[in-house]
Amino acid sequence: MIISIKSSFDLESTLFSGQVFRWQKFDGWYFGVIFDHVVKIKQIDNSIEVYCENTDKFFVSRMLSKYFNLDLDIDEVYNQLPKDEFVQNPIKKYKGMRILKQDPWECLISFICSSVSNIKRISKNIEDLCINLGNNIHLGSYSRQSFPTPQDIIYAGPDFLRELKLGFRSEYIYQSAKMIESGEVNLEELYSLSYDESLQTLVSLPGVGDKVANCVLLFAFNKLDAFPVDVWINRAITRNYLKGEKLPPLHVRNWSRNYFGNYAGYANHYIFHGIRLQD
DNA sequence: GTGAGGCCTTCAGC
DNA sequence: AGCTGAAGGCCTC
């Protein structure tokens with residue numbers, strides 16, 4: 001099945017820019033799991049080829065269209081960002097890289113795992129969680145696992161998470177799972193809340209500070225004005241726009257949201273991807 | 001209100 | 001070989 005896309009598209013950059021950690025590439029095909037579905041896709045020109053097998057094509061098409069946010073005209077996003085070359089250069093270079101609409105729960109746990117870590121280790125942590133605690137799912141002879149539910153995490157317990165080498169993040173993940181399972185925090189309702197309100201809810205979870213919360217708002221909840229500030233972004237923004245002044249992350253976040261506007265999150269991700277790949 | 005130190009584990013660099 | 005520091009942050013004192 002072919003899904004054609006109206007605006008720019010770059011599948012490789014989209015899947016391997018550090019916003020999501022479960023995609024694997026073999027023989028030019030990208031294999032991933034979206035909710036409980038194994039997906040096999042590749043890019044052909046400006047469209048996505050989807051490998052289907054006994055699956056409802058209409059359903060898969062809708063699912064991917066939502067996941068990649070294909071209704072968003074990304075060229076219009078570029079137009080609305082500032083014209084300075086610091087943001088326009090990586091846009092030119094990785095034109096078509098999209099911000100996904102991931103499963104909030106998986107995204108949350110992924111970014112709790114990201115603290116003092118790196119993409120390679122985060123990916124291994126997440127995959128180990130799925131292999132040990134998820135359900136088997138498959139596409140033809142290709143097998144993967146679904147992302148474990150909060151219940152699965154609670155049942156496993158913090159000691160088991162430590163055995164999976166999640167380190168000090170184990171307690172955070174376990175406690176967050178409990179708060180979500182109990183209903184104390186309801187992720188679904190964040191879709192309809194404002195940036196400030198949803199941010200406030202997310203940072204009430206253990207292991208979730210301003211940076212992690214902004215990642216979840218951006219990569220799962222499609223709040224495109226979210227602006228995660230890690231050490232790299234902090235350095236990049238202060239050096240290029242703020243005279244190299246040493247400023248706290250919150251200050252850089254607020255300045256950037258004001259400067260870049262409604263699509264600040266897109267600016268963030270392009271700048272981040274640019275500096276991450278430049279060595 | 002702000003800042004330094006500790007935290008699991010891995011991996012690169014001496 | 002074995003040590004040391006850093007790695008996409010958060011929490012606590």
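The structure presented is a predicted model; accordingly, all values stated were derived computationally and were not measured. Every chain is numbered from 1 and lettered A, B, ... according to where its sequence line falls, protein lines coming before strand lines.
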If you write DNA chain C from 5' to 3' in dot-bracket form, with Watson-Crick or G-U pairs under 3.5 Å, [ ] for crossing pairs and | for pairs with another strand, what do you get? .||||||.|||||

With sequence neighbours excluded, residues passing ring-ring contact (aromatic ring centres under 6.0 Å, His included) with A:F219: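 For A:F219 the ring-ring contact (aromatic ring centres under 6.0 Å, His included) partners, ignoring immediate neighbours, are A:F111, A:H269.
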
Side-chain polar contacts of residues 245-253 of chain A - donor-acceptor pairs under 3.5 angstrom, sequence neighbours left out - could you list them?
| unit_1 | atom_1 | unit_2 | atom_2 | d |
| --- | --- | --- | --- | --- |
| A:R253 | NH1 | A:D210 | OD1 | 2.5 |
| A:R253 | NH1 | A:D210 | OD2 | 3.4 |

Under 4.0 Å, heavy atom to any atom of DNA chain C: which of residues 240-270 of chain A qualify?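 Result for residues 240-270 of chain A: none.
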
Base, sugar-phosphate, or nothing for A:I122, non-hydrogen atoms under 4.0 angstrom? nothing

Which part of the nucleic acid does A:R162 contact within heavy-atom distance under 4.0 Å: base, sugar-phosphate only, or nothing? sugar-phosphate

Below 4.0 Å from chain A heavy atoms, what is the first contacting nucleotide of DNA chain B and what is the last?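 In short, chain A contacts DNA chain B from B:dC7 to B:dC11.
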
Every protein N/O within reach of nucleotides 9-12 of chain C N/O, cut-off under 3.5 Å:
| unit_1 | atom_1 | unit_2 | atom_2 | d |
| --- | --- | --- | --- | --- |
| C:dG9 | OP1 | A:V231 | N | 3.3 |
| C:dC10 | OP1 | A:G209 | N | 2.7 |
| C:dC10 | OP1 | A:G209 | O | 3.3 |
| C:dC10 | OP1 | A:V212 | N | 3.1 |
| C:dC11 | OP1 | A:G207 | N | 2.9 |

Test side chain to side chain contact (heavy atoms under 4.5 Å, CB included) applied to A:V116 - qualifying residues, sequence neighbours left out: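 If we apply the side chain to side chain contact (heavy atoms under 4.5 Å, CB included) test to A:V116, skipping adjacent residues, the hits are A:F168, A:R169.
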
Connected-component partners of A:F26 among ILVMFWY, side-chain separation under 4.5 Å: A:W29, A:F31, A:V33, A:V38, A:Y51, A:I137, A:L139, A:Y142

Please go through A:Y67's hydrophobic cluster and name the other residues, only I, L, V, M, F, W, Y counting, with side-chain heavy atoms under 4.5 Å joining them. A:M1, A:I3, A:I5, A:F9, A:L11, A:L15, A:F16, A:V20, A:W23, A:Y30, A:I34, A:F35, A:V39, A:I41, A:I48, A:V50, A:F59, A:V60, A:M63, A:L64, A:F68, A:L70, A:L100

Distances under 3.5 Å between nitrogen or oxygen atoms of protein and nucleotides 2-5 of chain C:
none

Output every pair passing salt bridge (Lys or Arg N to Asp or Glu O under 4.0 Å) with a member in residues 141-167 of chain A, not counting sequence neighbours, ordered by first then second residue.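 Qualifying pairs: A:E127-A:R144.
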
A:E181: which residues meet the side-chain hydrogen bond (donor to acceptor under 3.5 Å, both in side chains) condition with it, sequence neighbours left out? A:Q151

